[in-house]
Amino acid sequence: MIRCGYRGASDGTFYKDSMFETNVEGALAAGLEVGVYVYSQAITTSEAKAEANLALQMCEGYSITLPIVLYYEYYTTTTGRLATASLTKTQRTNICLAFCNTVDAAGYGAMVYANKSITIQYRHVPPSMGRPFMAAMTRLVFRFIISRPHNSAMRTAPSPALQ
């Protein structure tokens with residue numbers, strides 16, 4: 001997974017990762033499958049759609065075979081625009097779905113990534129979202145193996161516990 005951009009935690013400006021092209025080209029030259037992610041602080045569905053569209057534009061011309069991922073977490077639990085926006089669980093879920101649906105409509109696979117506490121406390125969790133999802137946990141990480149960019153069956157395989 002290669003970061004294509006991020007939204008500023010205080011001002012909400014979207015920034016392109018200055019190393020994106022170099023990293024994608026290097027990974028592809030090495031024969032690796034590539035997916036990308038956006039670190040999001042979106043507080044509206046229109047911001048999430050804009051993030052998805054920017055990621056899609058940045059992926060044009062590259063062979064992106066893994067998902068385009070929304071990395072949706074607080075900057076901290078008390079600071080940053082996402083933490084202070086007072087969004088409901090349903091609003092947060094709809095923001096994630098807006099990103100994923102925009103990516104899906106363009107023919108790519110979409111996924112949401114977050115840590116366990118963000119997922120359980122602050123957003124409706126899969127399968128209620130009906131979306132591929134990856135949750136990072138302190139001692140165990142579940143990874144999703146994608147066989148095709150979208151509309152594919154998915155299997156989960158636990159990674160070895162992190163020591």
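We number each residue from 1, following the sequence as shown.
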Inset, instruction - May I ask whether Tyr15 and Tyr75 are part of the same hydrophobic cluster, defined by side-chain heavy atoms of I, L, V, M, F, W, Y residues being less than 4.5 angstrom apart, directly or through others? - result: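 Hydrophobic grouping puts Tyr15 with Tyr75.
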Legend entry - Glu21 and Tyr62: side chain donor to acceptor below 3.5 Å: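 No, no side-chain donor-acceptor contact under 3.5 Å.
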Inset, instruction - For Thr90 and Thr88, test the side chains for any donor-to-acceptor distance below 3.5 angstrom and give the result as yes or no. - result: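 Side chains of Thr90 and Thr88: no pair found under 3.5 Å.
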Strictly distance-based, threshold 3.5 Å: is any side-chain N or O of [X] a donor or acceptor partner for the main-chain N or O of [Y]?
X: Arg7; Y: Gly12; result: yes
X: Tyr72; Y: Thr93; result: no
X: Gln57; Y: Ala52; result: no
X: Arg3; Y: Tyr39; result: no

Legend entry - Non-hydrogen atoms of Leu87 and Ala42 that approach each other most closely: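 Reported closest heavy-atom pair: CD1-O, 4.5 Å.
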Can you check whether [X] reaches [Y] side chain to side chain, under 4.5 Å on heavy atoms?
X: Tyr6; Y: Gln41; value: no
X: Met1; Y: Pro67; value: yes
X: Phe99; Y: Ser40; value: no

Rounded distance (nearest 0.5 Å) linking atom [atom1] of [X] with atom [atom2] of [Y]:
X: Thr84; Y: Ile43; atom1: OG1; atom2: CD1; value: 7.5 Å
X: Ile2; Y: Ile64; atom1: CD1; atom2: CD1; value: 7.0 Å
X: Ile68; Y: Leu56; atom1: CD1; atom2: CG; value: 4.5 Å
X: Glu33; Y: Leu66; atom1: CD; atom2: CG; value: 5.0 Å

